[in-house]
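Note sheet for the following structure.
Worth saying up front: this structure is predicted, and the values here are computed from it rather than measured.
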Amino acid sequence: MPKTYYPPTNEGRALWWENVLTDDAQAALTNLGFTAAQLAAIKADATMAVYLYRTAPQVFDTFAQSLNGWAHIYLDSPDDTTAPIQPVPPVLPAAPTAVKAGIEERRSKWVAQAKSATDYDAAVQGVTLKTEMGADSFDEATYQAVVYDAATTASATVSVKFRKANGRVDAMSFRGRKAGTAGWSELGKFMATPASLHIPLTVAGQPEEWEIQGQAYVKDSPVGLPSQIVTVLVRG
């Protein structure tokens, strides 16, 4: 696939469109001759694009994690454990003010207009608007996964956030172990952050200190180095 300024992942594209909404990007477009009406239309497209690439899908990605955790508690808890409460499907958040379909085709047109402007400078406006390829600092071989803010949110459940390297990372898989033990347990792979991990406690109902580690994925393949280990006290 030929390289392009436009990110290949949903999260990367959400970040790209968020940049369009910044004051710096809007000023760059103004300096390149875009009218107030054009700027308003681009901002409306950008707001909708962020909603479509991230806001709406993430709601259901998070629900899928909750559903997965609920199923694990039901299946893997000791005999006679009180049944967990079934998660309630979320309501889709309201969309921004509607725009016509064809956001990506319009993006191609206004980016072409910007790059053909007399005052366009790839090292200035191109960087501000992220319309140039630039150097790719993401190295799949050396990238180290980043996980953080691990916290217990319910019995045998841990929420942990992870970085997506500006949309370059598609998912994060997690493993964990009780502190002081050697064997790891696989805790699942998640596309949306934060991940909700079901922790297989050694003794149900008793709190335990656990170590959590993440591994970044691009598409279906692990890349780079596992994250540093984070420690969390898991509620029993």
Side-chain angles (χ1 to χ4, degrees), residues 1-22 25 46-69 72 90 93 103-104 107 127-153 157-177 184-199 210-232:
M1 179 181 296
K3 289 188 175 181
T4 174
Y5 69 87
Y6 199 51
T9 65
N10 284 359
E11 178 60 20
R13 291 181 178 186
L15 289 168
W16 190 91
W17 282 104
E18 279 185 333
N19 178 71
V20 172
L21 292 167
T22 65
T47 302
M48 179 60 80
V50 173
Y51 174 84
L52 295 172
Y53 277 124
R54 180 200 290 143
T55 306
Q58 195 170 73
V59 168
F60 290 96
D61 286 342
T62 301
F63 174 66
Q65 294 172 18
S66 299
L67 194 64
N68 184 56
H72 274 298
I103 291 173
E104 293 296 5
R107 169 188 58 81
V127 171
T128 300
L129 295 170
K130 299 187 183 300
T131 50
E132 299 294 331
M133 288 188 293
D136 188 350
S137 61
F138 182 78
D139 186 335
E140 292 187 2
T142 61
Y143 177 76
Q144 183 173 27
V146 179
V147 302
Y148 62 104
D149 283 356
T152 183
T153 55
T157 304
V158 166
S159 172
V160 58
K161 296 179 182 179
F162 59 91
R163 304 286 187 199
K164 302 193 75 174
N166 290 326
R168 300 289 188 175
V169 168
D170 295 317
M172 189 75 64
S173 70
F174 289 90
R175 64 178 186 170
R177 64 187 178 190
W184 292 92
S185 297
E186 297 300 321
L187 303 176
K189 186 167 70 172
F190 301 84
M191 296 181 66
T193 181
S196 181
L197 312 180
H198 170 65
I199 307 299
W210 271 65
E211 296 176 333
I212 308 294
Q213 189 173 46
Q215 173 67 60
Y217 271 70
V218 173
K219 296 183 179 179
D220 295 323
S221 300
V223 297
L225 307 173
S227 73
Q228 294 187 11
I229 294 171
V230 296
T231 303
V232 59

- Task: Fit a plane to each ring of W16 and Y5, take the angle between them on a 0 to 90° scale, and name the class: parallel (under 30°), tilted (30 to 60°) or perpendicular (over 60°).
- Result: tilted
- Task: Using a 4.5 Å cut-off on heavy atoms from C-beta on, say whether the side chain of V158 contacts that of L187.
- Result: no
- Close side-chain approach of D149 to P194, heavy-atom, < 4.5 Å: no
- Query: What pair of heavy atoms forms the shortest contact from G214 to A145, and how long is it?
  - Reply: O-CB, 3.7 Å
- Message: Do R168 and Y143 form a cation-pi contact, if we require the NZ or CZ to be under 6.0 Å from the six-membered ring centre and within 45 degrees of the ring's axis?
- Response: no
- Task: Find the distance between CE (M172) and NZ (K189) and round it off to the nearest 0.5 Å.
- Result: 11.5 Å
- Message: Quick check: do T128 and T22 have side-chain heavy atoms less than 4.5 Å from each other?
- Response: no
- Task: Find out whether Q144 and Q228 are in side-chain contact, i.e. whether some heavy atom of one side chain is under 4.5 Å from a heavy atom of the other.
- Result: yes
- Query: What are the two closest heavy atoms between P90 and F60, and how far apart are they?
  - Reply: CG-CE2, 3.7 Å
- Task: Drop me the distance from E18's CD to K130's NZ, to the nearest 0.5 angstrom.
- Result: 11.0 Å
- Item | Any side-chain heavy-atom pair of I212 and V147 under 4.5 Å | no
- Query: Do T193 and F162 have side-chain heavy atoms sitting under 4.5 Å apart?
  - Reply: yes
- Task: Give the minimum heavy-atom separation between P93 and T55, together with the two atoms involved.
- Result: CG-CG2, 4.1 Å
- Task: Check whether any side-chain heavy atom of W184 lies under 4.5 Å from a side-chain heavy atom of R177, and answer yes or no.
- Result: yes
- Item | Any donor-acceptor pair under 3.5 Å from Q213 side chain to F174 backbone | no
- Message: Test your reading of the model: is there a side-chain donor-acceptor pair from S173 to the backbone of G188, 3.5 Å cut-off?
- Response: no
- Task: Could you tell me whether a side-chain N or O of K164 sits under 3.5 Å from a main-chain N or O of M191, the two making a donor and an acceptor?
- Result: yes
- OH of Y217 to CZ of F190, rounded to nearest 0.5 Å, is 12.5 Å
- Query: Any side-chain heavy atom of L15 sitting closer than 4.5 Å to one from R54?
  - Reply: yes
- Query: How about K161: does its NZ atom have over 12 heavy atoms from other parts shown lying under 6.0 Å from it?
  - Reply: no
- For the side-chain contact (heavy atoms from CB on, under 4.5 Å) test, which of T152, V232, L197, T153 pairs with S159? T153
- Query: For V20 and A25, which heavy atoms make the closest approach, and how far apart are they?
  - Reply: O-CB, 3.6 Å
- Under the side-chain hydrogen bond (donor to acceptor under 3.5 Å, both in side chains) test, residues paired with Y148 that sit two or more places apart: R163
